[in-house]
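Input: a single structure, listed below in structure tokens.
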Amino acid sequence: MKPRILLVDDEPMIRRTLARALASKFEVTVASDGVTAIAILETAEFDAVMTDLEMPNLGGDGLVAWLELHRPTLAKKAVVLTGGASTGARAVWLSHFDKARILLKPCTIDVLTASLQRACRRGDE
């Protein structure tokens with residue numbers, strides 16, 4: 001059975017492209033922002049979450065904060081894919097986030113796949 005991941009990105013083309021590319025290794029569910037992701041997370045279980053940092057409504061930093069409160073085990077399996085932080089507060093947040101779980105855009109699908117596979121195993125070792 002494939003690991004289940006939640007892919008959160010506000011750019012429709014990026015969501016579609018990544019979901020298609022990751023589908024061979026993962027069962028992928030997509031969300032367009034953190035608010036939508038939380039609604040999905042309240043009714044479904046996932047092995048890992050990959051989120052963009054900069055999104056309207058609720059960004060990746062807010063989503064990870066929600067995970068830390070409501071799904072602490074899954075919070076440790078969150079990967080942030082970002083082009084960088086646009087605000088000082090997000091830059092500070094990113095500087096404190098686990099560097100091993102930050103991927104900078106653009107990255108290859110192989111790098112993303114390997115990072116998600118590690119995330120799915122995190123806590124299982």
Side-chain angles (χ1 to χ4, degrees):
M1 189 158 111
K2 294 179 190 177
R4 295 190 71 213
I5 62 162
L6 179 60
L7 169 66
V8 189
D9 198 295
D10 61 316
E11 295 291 333
M13 184 182 294
I14 291 174
R15 261 194 329 269
R16 281 191 305 270
T17 301
L18 291 179
R20 194 174 310 120
L22 294 170
S24 67
K25 303 276 187 196
F26 304 97
E27 182 180 325
V28 182
T29 300
V30 298
S32 59
D33 60 33
V35 172
T36 305
I38 288 170
I40 293 168
L41 286 160
E42 288 177 333
T43 62
E45 296 294 323
F46 294 92
D47 298 298
V49 174
M50 200 257 9
T51 183
D52 187 17
L53 178 62
E54 298 282 341
M55 295 181 289
N57 301 321
L58 184 66
D61 51 343
L63 177 57
V64 170
W66 184 91
L67 286 168
E68 288 169 345
L69 285 174
H70 300 279
R71 299 275 186 91
T73 300
L74 188 56
K76 294 176 181 142
K77 297 178 178 207
V79 176
V80 175
L81 179 64
T82 184
S86 65
T87 66
R90 281 205 168 128
V92 169
W93 182 87
L94 201 57
S95 73
H96 289 95
F97 193 72
D98 179 3
K99 304 296 181 260
R101 296 187 293 141
I102 299 171
L103 298 176
L104 296 177
K105 293 177 183 177
C107 71
T108 67
I109 198 63
D110 290 340
V111 168
L112 182 56
T113 298
S115 182
L116 284 167
Q117 288 172 328
R118 280 191 304 276
C120 287
R121 290 190 303 270
R122 195 169 283 115
D124 297 340
E125 291 106 25

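Under a hydrophobic clustering in which Ile, Leu, Val, Met, Phe, Trp and Tyr are joined whenever their side-chain heavy atoms come within less than 4.5 Å, directly or via other members, Leu6 and Met55 fall into the same cluster. Follow the hydrophobic side-chain contacts under 4.5 Å out from Leu18 and you never reach Leu104; the two are in separate clusters. In the hydrophobic clustering of ILVMFWY residues, with side-chain heavy atoms under 4.5 Å counting as a link, Phe46 and Leu58 come out together. A single hydrophobic cluster is not seen to contain both Ile102 and Val79; linkage of ILVMFWY side chains at heavy-atom distances under 4.5 Å, directly or through other members, places them apart. Put simply, Val28 and Val111 are part of the same group of oily side chains (I, L, V, M, F, W, Y) that touch within less than 4.5 Å, one to the next.
Here the NZ-CG distance, from Lys25 to Leu112, works out to 12.5 Å after rounding to the nearest 0.5 Å. Atom CD of Glu11 is separated from atom OG1 of Thr17 by 11.0 Å, given to the nearest 0.5 angstrom. Put simply, CE on Met50 and CZ on Arg101 are 13.5 Å apart, with the number rounded to the nearest 0.5 Å. A distance of 12.5 Å separates OG1 of Thr73 from CZ of Arg122, quoted to the nearest 0.5 Å. Distance SG/Cys120 to CZ/Arg118: 11.0 Å, rounded to 0.5 Å. To the nearest 0.5 Å, atom CG of residue Asp61 and atom CH2 of residue Trp66 are 15.5 Å apart.
When every heavy atom of Val8 is checked against every heavy atom of Ala37, the shortest pair comes out as CG2-CB, 3.7 Å. The minimum heavy-atom distance between Ala21 and Ser24, with the atom names listed, is O-OG, 4.1 Å. The heavy-atom pair separating Ala19 from Leu7 by the smallest distance is N-CD2, 3.6 Å. In plain terms, the two heavy atoms of Cys107 and Leu81 that are nearest each other are SG-CD1, 3.8 Å. Shown here for Thr36 and Ser32, the closest heavy-atom pair between the two residues is OG1-OG, 3.8 Å. Counting all heavy atoms, side chain and backbone alike, Val49 lies closest to Leu67 at CG2-CD1, 4.3 Å.
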Margin query: Could you go through Glu27 and Ile5, starting from their C-alpha distance and side-chain angles, then the distance that decides it, and tell me whether this counts as side-chain contact (heavy atoms from CB on, under 4.5 Å)?
Written below: CA-CA 6 Å; Glu27 182 180 325; Ile5 62 162; over 6 Å; no
Note to self: Quick one, Arg4 with Glu45, criterion salt bridge (Lys or Arg N to Asp or Glu O under 4.0 Å). Give me CA distance, side-chain angles, the key distance, then yes/no.
What the structure shows: CA-CA 8 Å; Arg4 295 190 71 213; Glu45 296 294 323; over 6 Å; no
Next item on the list: Take Leu103 and Val80 through the side-chain contact (heavy atoms from CB on, under 4.5 Å) test and state the conclusion after the steps.
Entry: CA-CA 6 Å; Leu103 298 176; Val80 175; over 6 Å; no
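Here the side chain of Arg15 pairs a donor or acceptor atom with the backbone of Asp9 at under 3.5 angstrom. A donor-acceptor pair under 3.5 Å links the side-chain atoms of Arg71 to the main chain of Leu41, judged by distance alone. The backbone N or O of Ala23 lies less than 3.5 Å from a partner atom in the side chain of Lys2, making a donor-acceptor pair. A donor-acceptor pair under 3.5 Å is formed between the side chain of Lys99 and the backbone N or O of Ser95.
Side-chain atoms of Asp110 and Thr113 include no donor-acceptor pair closer than 3.5 Å.
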